[in-house]
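Shown next, in C-alpha coordinates, is the structure this report addresses.
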Amino acid sequence: KKRCDGLFTIDVGRPVSDAEHLTLYARYQAGQHGADGQTADEESYDRFLCESVADTWELSWRDKDKKLVAVGIIDVVPSGISTVYFYWEPALRDLSLGVYSALHEIELTKKWNKRYYYLGYLVAGSKTMSYKAGYSGGELWDGTRWLPVPGRDLDDPEMEKAVHDAERSALDADAKHFRILD
(Lines give C-alpha, C1' and ligand atoms only; values in the text may rest on other atoms or scores of the structure.)
Protein backbone atom coordinates (compact mmCIF):
# COMPACT_ATOMS: atom_id res chain seq x y z
CA LYS A 1 0.00 0.00 0.00
CA LYS A 2 2.78 2.43 0.84
CA ARG A 3 4.12 2.69 -2.70
CA CYS A 4 0.78 4.23 -3.78
CA ASP A 5 0.41 6.58 -0.81
CA GLY A 6 0.14 10.17 -1.96
CA LEU A 7 0.02 9.33 -5.68
CA PHE A 8 -3.74 9.52 -6.07
CA THR A 9 -6.85 11.21 -4.78
CA ILE A 10 -9.89 8.95 -4.50
CA ASP A 11 -13.28 10.62 -4.62
CA VAL A 12 -16.57 8.90 -3.81
CA GLY A 13 -19.67 9.71 -5.87
CA ARG A 14 -22.36 8.17 -8.01
CA PRO A 15 -21.23 6.21 -11.11
CA VAL A 16 -20.47 8.37 -14.13
CA SER A 17 -20.56 7.49 -17.81
CA ASP A 18 -18.67 10.04 -19.86
CA ALA A 19 -15.92 10.13 -22.50
CA GLU A 20 -13.15 10.09 -19.87
CA HIS A 21 -14.54 6.96 -18.18
CA LEU A 22 -15.31 5.17 -21.44
CA THR A 23 -11.83 5.83 -22.84
CA LEU A 24 -10.12 4.48 -19.72
CA TYR A 25 -12.50 1.50 -19.63
CA ALA A 26 -11.76 0.69 -23.30
CA ARG A 27 -7.98 0.82 -22.66
CA TYR A 28 -8.39 -1.43 -19.63
CA GLN A 29 -10.54 -3.96 -21.49
CA ALA A 30 -8.04 -4.12 -24.37
CA GLY A 31 -5.02 -4.33 -22.07
CA GLN A 32 -6.43 -6.76 -19.53
CA HIS A 33 -8.76 -8.94 -21.60
CA GLY A 34 -7.73 -8.42 -25.23
CA ALA A 35 -10.20 -9.89 -27.70
CA ASP A 36 -12.29 -11.25 -24.79
CA GLY A 37 -12.84 -7.75 -23.34
CA GLN A 38 -16.26 -6.30 -22.77
CA THR A 39 -17.76 -3.73 -25.09
CA ALA A 40 -16.81 -0.19 -24.12
CA ASP A 41 -19.76 1.64 -25.65
CA GLU A 42 -21.84 3.95 -23.46
CA GLU A 43 -24.97 1.79 -23.41
CA SER A 44 -23.09 -1.37 -22.35
CA TYR A 45 -21.07 0.56 -19.78
CA ASP A 46 -24.22 2.12 -18.30
CA ARG A 47 -25.99 -1.23 -18.04
CA PHE A 48 -22.95 -2.91 -16.48
CA LEU A 49 -21.71 -0.28 -14.05
CA CYS A 50 -24.10 2.65 -13.68
CA GLU A 51 -27.66 1.28 -13.69
CA SER A 52 -28.29 -0.65 -10.51
CA VAL A 53 -31.03 -1.58 -8.08
CA ALA A 54 -28.42 -1.42 -5.31
CA ASP A 55 -26.89 1.58 -3.55
CA THR A 56 -24.00 1.82 -6.00
CA TRP A 57 -21.03 4.19 -5.67
CA GLU A 58 -17.96 5.00 -7.71
CA LEU A 59 -14.45 5.51 -6.41
CA SER A 60 -12.72 7.80 -8.92
CA TRP A 61 -8.94 7.69 -8.77
CA ARG A 62 -7.05 10.69 -10.13
CA ASP A 63 -3.35 11.35 -10.36
CA LYS A 64 -1.64 14.63 -9.43
CA ASP A 65 -2.58 16.04 -12.85
CA LYS A 66 -6.27 15.25 -12.14
CA LYS A 67 -6.27 12.56 -14.86
CA LEU A 68 -8.67 9.66 -14.23
CA VAL A 69 -6.46 6.57 -13.74
CA ALA A 70 -8.77 4.04 -12.08
CA VAL A 71 -12.42 3.49 -11.20
CA GLY A 72 -13.88 1.25 -8.54
CA ILE A 73 -17.58 0.44 -8.43
CA ILE A 74 -18.99 -0.73 -5.11
CA ASP A 75 -22.40 -1.60 -3.74
CA VAL A 76 -23.18 -0.52 -0.20
CA VAL A 77 -25.43 -2.98 1.61
CA PRO A 78 -26.71 -2.84 5.19
CA SER A 79 -23.98 -5.14 6.50
CA GLY A 80 -21.07 -4.13 4.31
CA ILE A 81 -19.43 -3.04 1.10
CA SER A 82 -19.33 -5.25 -1.97
CA THR A 83 -16.83 -4.79 -4.78
CA VAL A 84 -18.57 -4.80 -8.15
CA TYR A 85 -15.75 -3.95 -10.55
CA PHE A 86 -12.40 -2.19 -10.70
CA TYR A 87 -10.60 -1.00 -13.81
CA TRP A 88 -7.40 0.97 -14.20
CA GLU A 89 -4.88 2.50 -16.56
CA PRO A 90 -2.91 -0.42 -18.07
CA ALA A 91 0.32 1.62 -17.96
CA LEU A 92 0.08 1.51 -14.13
CA ARG A 93 -0.02 -2.31 -13.95
CA ASP A 94 3.16 -2.49 -11.84
CA LEU A 95 1.53 -0.51 -9.01
CA SER A 96 -0.96 -3.34 -8.24
CA LEU A 97 -3.82 -0.87 -8.00
CA GLY A 98 -6.33 -3.69 -7.47
CA VAL A 99 -4.67 -4.58 -4.16
CA TYR A 100 -4.57 -0.93 -3.15
CA SER A 101 -8.23 -0.59 -4.11
CA ALA A 102 -9.21 -3.56 -1.93
CA LEU A 103 -7.30 -2.05 1.00
CA HIS A 104 -8.99 1.31 0.44
CA GLU A 105 -12.41 -0.37 0.31
CA ILE A 106 -11.65 -2.20 3.57
CA GLU A 107 -10.87 1.19 5.14
CA LEU A 108 -14.20 2.53 3.81
CA THR A 109 -15.94 -0.49 5.31
CA LYS A 110 -14.53 0.43 8.71
CA LYS A 111 -15.13 4.18 8.27
CA TRP A 112 -18.77 3.60 7.32
CA ASN A 113 -19.26 1.21 10.29
CA LYS A 114 -19.98 -1.81 8.11
CA ARG A 115 -19.25 -5.31 9.37
CA TYR A 116 -18.27 -7.07 6.14
CA TYR A 117 -16.21 -6.46 3.05
CA TYR A 118 -17.22 -8.58 0.06
CA LEU A 119 -14.44 -8.96 -2.49
CA GLY A 120 -16.86 -10.47 -4.98
CA TYR A 121 -17.15 -13.76 -6.76
CA LEU A 122 -14.30 -16.24 -6.78
CA VAL A 123 -14.66 -18.02 -10.09
CA ALA A 124 -12.71 -21.22 -10.57
CA GLY A 125 -11.02 -21.22 -13.97
CA SER A 126 -11.14 -17.43 -14.34
CA LYS A 127 -7.60 -16.05 -14.45
CA THR A 128 -8.83 -12.49 -13.98
CA MET A 129 -10.69 -13.40 -10.78
CA SER A 130 -8.27 -15.94 -9.34
CA TYR A 131 -6.39 -13.24 -7.37
CA LYS A 132 -9.23 -13.33 -4.83
CA ALA A 133 -8.04 -16.70 -3.55
CA GLY A 134 -4.86 -14.95 -2.36
CA TYR A 135 -6.70 -12.99 0.35
CA SER A 136 -7.05 -14.69 3.70
CA GLY A 137 -10.34 -14.85 5.56
CA GLY A 138 -12.42 -15.62 2.49
CA GLU A 139 -15.59 -17.66 2.63
CA LEU A 140 -17.64 -19.66 0.15
CA TRP A 141 -21.46 -19.58 0.14
CA ASP A 142 -22.89 -23.07 -0.27
CA GLY A 143 -26.53 -22.03 -0.40
CA THR A 144 -27.17 -22.38 3.32
CA ARG A 145 -24.05 -21.20 5.13
CA TRP A 146 -20.64 -19.57 4.74
CA LEU A 147 -17.66 -21.93 4.72
CA PRO A 148 -14.00 -20.94 5.11
CA VAL A 149 -11.96 -20.98 1.91
CA PRO A 150 -9.60 -23.95 2.45
CA GLY A 151 -6.56 -22.41 0.78
CA ARG A 152 -5.15 -19.77 -1.49
CA ASP A 153 -4.29 -21.72 -4.62
CA LEU A 154 -7.13 -22.32 -7.08
CA ASP A 155 -5.06 -25.05 -8.73
CA ASP A 156 -4.94 -27.02 -5.47
CA PRO A 157 -7.32 -30.01 -5.81
CA GLU A 158 -8.75 -29.41 -2.31
CA MET A 159 -9.51 -25.79 -3.16
CA GLU A 160 -10.95 -26.73 -6.55
CA LYS A 161 -13.22 -29.31 -4.90
CA ALA A 162 -14.39 -26.86 -2.21
CA VAL A 163 -15.32 -24.21 -4.80
CA HIS A 164 -17.08 -26.79 -6.99
CA ASP A 165 -18.97 -28.35 -4.05
CA ALA A 166 -20.10 -24.94 -2.73
CA GLU A 167 -21.30 -23.92 -6.19
CA ARG A 168 -23.22 -27.18 -6.67
CA SER A 169 -24.78 -26.95 -3.20
CA ALA A 170 -25.77 -23.29 -3.76
CA LEU A 171 -27.45 -24.18 -7.07
CA ASP A 172 -29.35 -27.02 -5.38
CA ALA A 173 -30.47 -24.70 -2.56
CA ASP A 174 -31.61 -22.09 -5.08
CA ALA A 175 -33.58 -24.71 -7.01
CA LYS A 176 -35.57 -25.46 -3.83
CA HIS A 177 -36.57 -21.80 -3.44
CA PHE A 178 -36.78 -20.47 -6.99
CA ARG A 179 -38.21 -21.69 -10.22
CA ILE A 180 -35.12 -22.28 -12.35
CA LEU A 181 -35.73 -21.89 -16.08
CA ASP A 182 -33.69 -23.78 -18.65
Side-chain angles (χ1 to χ4, degrees), residues 1 4 8 10-17 21 25 28-29 32-33 38 44-61 69-88 95-156 158-178 180:
K1 180 181 175 185
C4 290
F8 308 105
I10 304 172
D11 295 319
V12 179
R14 293 297 181 185
V16 174
S17 173
H21 284 71
Y25 183 70
Y28 170 81
Q29 288 297 325
Q32 185 74 359
H33 302 290
Q38 296 179 22
S44 298
Y45 184 91
D46 284 347
R47 275 197 321 266
F48 179 44
L49 297 174
C50 297
E51 298 169 6
S52 175
V53 297
D55 187 16
T56 303
W57 292 86
E58 174 182 297
L59 307 176
S60 302
W61 294 47
V69 296
V71 174
I73 303 294
I74 60 172
D75 285 342
V76 179
V77 297
S79 61
I81 290 176
S82 177
T83 295
V84 175
Y85 202 74
F86 182 72
Y87 64 94
W88 34 268
L95 289 178
S96 301
L97 294 182
V99 172
Y100 189 64
S101 177
L103 294 172
H104 183 76
E105 291 169 12
I106 289 168
E107 289 302 316
L108 276 181
T109 302
K110 293 175 185 176
K111 181 179 176 183
W112 293 349
N113 295 314
K114 301 294 183 178
R115 186 170 180 187
Y116 299 105
Y117 172 65
Y118 302 97
L119 192 54
Y121 293 116
L122 173 63
V123 179
S126 171
K127 291 189 186 295
T128 59
M129 291 190 172
S130 63
Y131 72 91
K132 296 173 186 183
Y135 288 85
S136 64
E139 297 176 312
L140 299 168
W141 178 250
D142 78 347
T144 59
R145 66 190 186 282
W146 290 99
L147 304 170
V149 173
R152 293 189 179 182
D153 180 6
L154 281 179
D155 293 329
D156 174 15
E158 181 184 350
M159 178 71 156
E160 218 173 292
K161 182 180 180 332
V163 170
H164 179 268
D165 290 351
E167 182 180 73
R168 178 81 260 149
S169 179
L171 288 171
D172 291 345
D174 285 351
K176 291 177 185 173
H177 300 286
F178 305 102
I180 307 294

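Both backbone and side-chain heavy atoms feed into the values below; hydrogens, waters and symmetry mates do not. Note that this is a predicted model, so its numbers are computed, not measured.
- When all heavy atoms of K114 and V77 are compared, the pair lying nearest together is NZ-O, 3.2 Å.
- Pairing each heavy atom of A70 with each of L97, the nearest pair is CB-CD1, 4.4 Å.
- Here the closest non-hydrogen pair linking D142 and S169 is O-OG, 2.7 Å.
- One distance of note links CD of Q32 with CH2 of W88; it measures 4.0 Å at 0.5 Å rounding.
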*Give the intermediate values and the outcome of side-chain contact (heavy atoms from CB on, under 4.5 Å) for residues W57 and L108.*
CA-CA 12 Å; W57 292 86; L108 276 181; over 6 Å; no

*Kindly determine whether S82 and Y116 satisfy side chain to side chain donor-acceptor pair (under 3.5 Å), including the steps that lead there.*
CA-CA 8 Å; S82 177; Y116 299 105; over 6 Å; no

*Take W61 and F86, measure what side-chain contact (heavy atoms from CB on, under 4.5 Å) needs, and give me the verdict at the end.*
CA-CA 11 Å; W61 294 47; F86 182 72; 3.7 Å; yes

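- Of the possible donor and acceptor atoms, one in the side chain of E58 sits under 3.5 Å from a partner among the backbone N and O of V16.
- In this structure a side-chain-to-backbone donor-acceptor pair under 3.5 Å is present from R14 to T56.
- Put simply, CD on E167 and CG on L140 are 10.5 Å apart, with the number rounded to the nearest 0.5 Å.
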*Could you walk me through whether Y117 and T83 pass the side-chain contact (heavy atoms from CB on, under 4.5 Å) test, one step at a time?*
CA-CA 8 Å; Y117 172 65; T83 295; 2.8 Å; yes

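- The structure places CD1 of I73 at 5.0 Å from CG of L49, a figure rounded to the nearest 0.5 Å.
- Ring geometry, Y25 versus Y45: the interplanar angle exceeds 60°, so the pair is classed perpendicular (tilted spans 30 to 60°).
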*Begin from the C-alpha positions of Y118 and S79 and carry the test side chain to side chain donor-acceptor pair (under 3.5 Å) through to its verdict.*
CA-CA 10 Å; Y118 302 97; S79 61; 3.2 Å; yes

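- Ion pair K110/E107 flagged as a salt bridge, since at least one NZ, NE, NH1 or NH2 atom sits closer than 4.0 Å to an Asp/Glu carboxylate oxygen.
- Partners of T109 according to the side-chain hydrogen bond (donor to acceptor under 3.5 Å, both in side chains) rule, which considers only residues two or more places apart in sequence or in another chain, do not exist here.
- Distance check: F8 CZ to L95 CG gives 5.5 Å after rounding to the nearest 0.5 Å.
- Summarising the geometry, atom SG belonging to C50 is positioned 7.5 Å from atom NE2 belonging to H21; distances are rounded to the nearest 0.5 Å.
- In this structure, NE2 in H104 is found 5.5 Å from CG in L59, a value given to the nearest 0.5 Å.
- Look at K176 and D172 and you find no salt bridge, because none of the NZ, NE, NH1 or NH2 atoms lies under 4.0 Å from a carboxylate O.
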